[in-house]
Structures are given as structure tokens and as C-alpha cells.
A.B. asks: 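Pasting a structure below so you can have a look.
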Amino acid sequence: MKVLAILYKGGQSAKEEPRLLGTIENKLGLEEWLKGLGHELVVLAGGTSDDLYPRCRYLTRDLIEKAKNLKLCITAGVGSDHVDLNAAVDHRIQVLEVSGSNVVSVAEHVVMSILLLVRNFVPAHEMIERGDWQVSDIARNAFDLEGKVVGTIGAGRIGYRVLQRLKPFDCKELLYYDYAPLPPAAAEAVGARKVDDLKEFVSQCDVVTVNCPLHEGTRGLVNAELLKHFKKGAWLVNTARGAICDKDDVAAAVKSGQLNGYAGDVWNVQPAPRDHVWRTVKNPLGAGNGMVPHYSGTTLDAQARYAAGTRSILENYLNGKPQEAQNIIVGLGKYETKAYGQR
Ligand code: NAI
């Protein structure tokens, strides 16, 4: 069997740090094991401007139709939007991910991003590095999270963990927007209220965090039309997928102050071009940007879990054993998850 792994280039860091498993250098720790079983592992670079990357990073319908031997697509992590899932259904190609492998990693990053925006942390630190000290320039736009309304679009594994982690902050309210209601006991445990209408939902939130998958129903969901309904000066955090938020509309909202800030690690194009507006956009006070490269779900702890999970999916496949139900996005000829839109 031939296994093609599209991983990111780790460079010197991957040579020095073998726990960077998700890199072309360290190959998810799969090479020796697969070789020992007589299989071949081919590794291509993703996450760089490598020529092959744009061709392979997205498994379009066209590519799927050309890949006559393709049987199984695995995301070493969570989020299968890089596969045309409808085409996978049509061609009976299974799509799996290592569900849950990095959801705590992302949820922690979300809480950090909310705090750094609300507390105006980034410009405060930059001021210190510059050698300046003007407390009022920072404090004029610094707030407590206590007493604010925070809402998540998507209350699945990550969204729910964000709500759990926010509970001790004594927010005024925790809200969620999701077509799948939380089990009553889970909602009660965090004190979260479901809001069924998206515009009404965002209009009540001081902070909105995006935690749903990217699919036909969420691409461009946060656009100029929806941003008009946000509270003026709300904060937006997106660690789900860049394309859920409209690049230019979000940038314009930060620039005008309609949003007080935007933070996250996902971009509509990855790697983000040098001149991508999200790298540098600021609110009218020169702050409100908490963007980082896509790493929230790639901590060393997460890499250990998703590398082990990828191996376990391959093992099941090779041994003809059933896959864990929670990992199956597309089974043979049908969606097995309800998270990629209401069908
Ligand atoms: P999950 O499947 O446990 O939860 C997703 C939730 O979103 C479900 O409850 C689903 O009903 C809901 N949803 C789907 N469409 C929606 C819509 N139109 N409006 C509102 N809610 C909707 O998935 P999990 O583990 O929480 O991950 C969510 C996403 O986070 C992934 O699909 C991936 O795109 C992203 N992610 C990002 C990472 C990063 O490194 N930045 C790492 C891991 C995941």
C-alpha cells in the first residue's frame, strides 16, 4: 500500500525537536512502522509555497476523480474541509479524522485569545519592548472578561470546552449558536443558553468565538451583513477556519471599530501572504490584533495525540477492523457526522 502524507516543513526546528511529529522531517513517526509492514510512505510538503502544496493540499473533486486508487483520507488532527466531502461520498472514499485529538489545545488558545483582546495585551507588551510606559494608552481600551457576554458559533468538542473553561470567569452569560443542541445536562453544567437566530445571537455578545467546521453553510458566514448586527466594539476570535470569516469585511470592521479586535490562527489562504490584511489590521486605537500562524491545535501535546490517532486509523484499515465511530466523517458512500452541515 502507498500512503501519501502531506505535512508541513519543519526545518531546523524539526531536526532539533523530534516531537514535532507533524512535519515532513518526522513523518508522523509512521515511516519505519509502515516500511516494516512492507508499505510505502510518500511525504509531500504542505504549509509552504512548495509547488506541490496547492495541488495536493486540497482534495478537490477533480483530484479525487483522478486518484483511482484512493481509498482513505485521514486528517492528522481535526477538520476535513480540505477534502471535497461530497465528492468523497460519491466515490466511496472514506474520510476520517482524529476526533478530539487537539480540541483542548484549541480551546485553551481560544480562551487566551479572548483574554488578550479584552485585556488589550498585545499593544501593552509591544509598548514594553519599545521602551515606553504610558499606562493610560493601554488602559483606555482594557476590560475585564467578568460580566461580559460570550458566545460560541458551534458548541461541539471545542466550543463546549471553551464554555467549560470560561465558566470560572463569571461572565454575564454564555451563549451558543448551533443547530445541534447540547444535551440539557451539558448546557446546565456550564450555564449556556442556546440562541436560534444568528443575528440575534451576535447582537447579544461582547465576544464571539467561532468553533464550527468549514462547509457550504459556514463559508463566509461572518460577513459585512452579519457584522452590522454585532455589538459595536465586540471582539471576534476564530480558530476554526479562516474562510468562515470574510477577510475584507472583518478587516474593515476592525479598522472602523465596529469590532474592537480580531484574533485567531486560521487564514483564508495558508500560508498567509506577507501582505495579508489580517496580519496588520488594527482598530482605531492601533490595537485589536491577536493573529498568529495556524498552530493552536499543533502543540507538542497535540502532535503526540494526533500522530498516535493517525497510526491507529491506519492500523484499523490495514487489519480490516472497524474504525472508531467518532473519527468517521464520510463512511462508504455517506456522511457519518452531522457536524458538516444539515443535510
Ligand atoms: P465538532 O464536530 O465536535 O463540533 C462542531 C460543531 O459545529 C457541531 O456541534 C456542529 O453541529 C456545529 N456546526 C456545524 N455547522 C454549524 C453552523 N452552520 N452553525 C453553527 N454550528 C455549526 O468539531 P470540533 O472538534 O469542535 O472542531 C470544530 C472545528 O475546529 C473543526 O472542524 C476545525 O475546522 C477547527 N479546528 C481548528 C484547529 C486549529 O488548529 N486551529 C484544530 C482543530 C479543529
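Whatever order the structure lists them in is the order used to number ligands and atoms, beginning at 1.
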A.B. asks: Under 3.5 Å between some N or O of ligand 1 and some N or O of Val266?
C.D. replies: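 It does not: no N or O of Val266 is found under 3.5 Å from an N or O of ligand 1.
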A.B. asks: Is a side-chain donor or acceptor of Gln303 paired with a backbone partner of Gly22 at a separation under 3.5 angstrom?
C.D. replies: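 Looks like yes, one N/O pair under 3.5 Å.
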A.B. asks: Any nitrogen or oxygen of Asn102, side chain or backbone, less than 3.5 Å from one on ligand 1?
C.D. replies: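 No, no N or O pair falls under 3.5 Å.
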A.B. asks: Would you say Ile158 has any N or O atom under 3.5 Å from an N or O of ligand 1, going by distance alone?
C.D. replies: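 By distance alone, the answer is yes.
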A.B. asks: Could Arg343 and Tyr335 be counted as a cation-pi pair, given that NZ or CZ must be under 6.0 Å from the ring centre and within 45° of the axis?
C.D. replies: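 Flagged: Arg343 positioned over aromatic ring of Tyr335.
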A.B. asks: For ligand 1 and Lys338, I'd like to know whether there is a polar contact (N/O to N/O, distance under 3.5 Å).
C.D. replies: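 Between Lys338 and ligand 1, no N or O pair is found under 3.5 Å apart.
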A.B. asks: Pair up each side-chain donor or acceptor in residues 147-165 with any protein partner under 3.5 Å, not counting sequence neighbours, and list the distances.
C.D. replies:
unit_1	atom_1	unit_2	atom_2	d
Lys148	NZ	Asp144	O	2.8
Thr152	OG1	Gly154	O	2.6
Thr152	OG1	Asn211	ND2	2.9
Tyr160	OH	Ala186	O	2.8
Arg161	NH1	Arg157	O	2.9
Arg165	NH1	Arg161	O	3.1

A.B. asks: Looking at non-hydrogen atoms alone, which of Leu221, Thr239, Val106 comes nearest to atom 37 (C) of ligand 1?
C.D. replies: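 Comparing heavy atoms across Leu221, Thr239, Val106, the nearest one to atom 37 (C) of ligand 1 lies in Thr239.
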A.B. asks: Any atoms of ligand 1 less than 4.0 Å from a non-hydrogen atom of Asp265? List them with their elements.
C.D. replies: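 Every atom of ligand 1 under 4.0 Å from some heavy atom of Asp265: 39 (C), 40 (O), 41 (N).
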A.B. asks: Regarding ligand 1, does Asp178 bring an N or O atom to under 3.5 Å of one of the ligand's N or O atoms?
C.D. replies: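 Yes.
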A.B. asks: Return yes when Gly77 approaches ligand 1 closer than 4.0 angstrom through a heavy atom, no otherwise.
C.D. replies: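 No.
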A.B. asks: Report the residues that fulfil salt bridge (charged side-chain N to carboxylate O under 4.0 Å, His left out) with Arg130, sequence neighbours left out, ordered by chain and then residue number.
C.D. replies: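 Expected list: Asp132.
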A.B. asks: Assess the side chains of Glu97 and Ser80: does a donor N or O sit below 3.5 Å from an acceptor N or O?
C.D. replies: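 Indeed, the side chains of Glu97 and Ser80 share at least one donor-acceptor pair under 3.5 Å.
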A.B. asks: For ligand 1, note which part of Arg241 has a heavy atom under 4.0 Å away: side chain, backbone, both or neither.
C.D. replies: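 Arg241 to ligand 1: side-chain contact only, backbone stays beyond 4.0 Å.
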A.B. asks: Short N/O distance, under 3.5 Å, between His294 and ligand 1?
C.D. replies: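 Such a contact does occur with ligand 1.
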